[in-house]
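FYI, the numbering just counts along the sequence from 1.
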Amino acid sequence: MFKIVNGVEVPLTEAEIADFNERERAHADALEAYELVKYKELRKAEYPTLEDMLVAMVEKEEGRPEALAELMAKRQQIKTKYPKPAKNS
């Protein structure tokens with residue numbers, strides 16, 4: 001590995017290489033951690049609103065269960081679209 005100093009290619013020191021490798025590992029770890037929670041953000045953006053859920057529950061109690069069934073089907077479609085990632089332990 002090299003760096004450019006005053007227009008000249010100079011080899012990195014062992015300390016610089018170790019620092020670079022550590023930053024690369026930290027970046028990879030951060031990306032992996034984000035991938036484990038990204039699905040939550042994607043689901044939240046598409047889930048029915050709390051108001052929609054409340055209305056569907058009230059309609060069910062009033063004898064019209066189809067609204068809640070549709071809402072639950074939509075939630076399941078979103079969960080299928082954005083599955084929880086498998087943990088790499």
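- For K38, the side-chain hydrogen bond (donor to acceptor under 3.5 Å, both in side chains) partners are E35, not counting sequence neighbours.
- The pair R23-D19 meets the salt-bridge criterion, with a side-chain N (NZ, NE, NH1 or NH2) lying under 4.0 Å from an Asp/Glu carboxylate O.
- Inter-residue side-chain proximity for E41 and Y34 is flagged as met; some heavy-atom pair is nearer than 4.5 Å.
- Here the OH-NZ distance, from Y39 to K44, works out to 13.0 Å after rounding to the nearest 0.5 Å.
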Which donor-acceptor pairs under 3.5 Å do the side chains of residues 54-79 make with protein atoms, sequence neighbours left out?
residue: E62; atom: OE1; partner: R64; partner atom: NH2; Å: 2.8

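- Listed by chain and number, the residues in a side-chain hydrogen bond (donor to acceptor under 3.5 Å, both in side chains) with D52 are T49 (sequence neighbours excluded).
- Taking the side-chain hydrogen bond (donor to acceptor under 3.5 Å, both in side chains) definition, one finds that K81 meets it with E46, sequence neighbours left out.
- Applying the side-chain hydrogen bond (donor to acceptor under 3.5 Å, both in side chains) test to pairs two or more places apart or on separate chains, those with a residue in residues 4-14 are T13-E16.
- Taken to the nearest 0.5 Å, the CG atom of L36 stands 11.0 Å off from the CG atom of L31.
- Under the 4.5 angstrom side-chain criterion for Ile, Leu, Val, Met, Phe, Trp and Tyr, I4 has no cluster partners at all.
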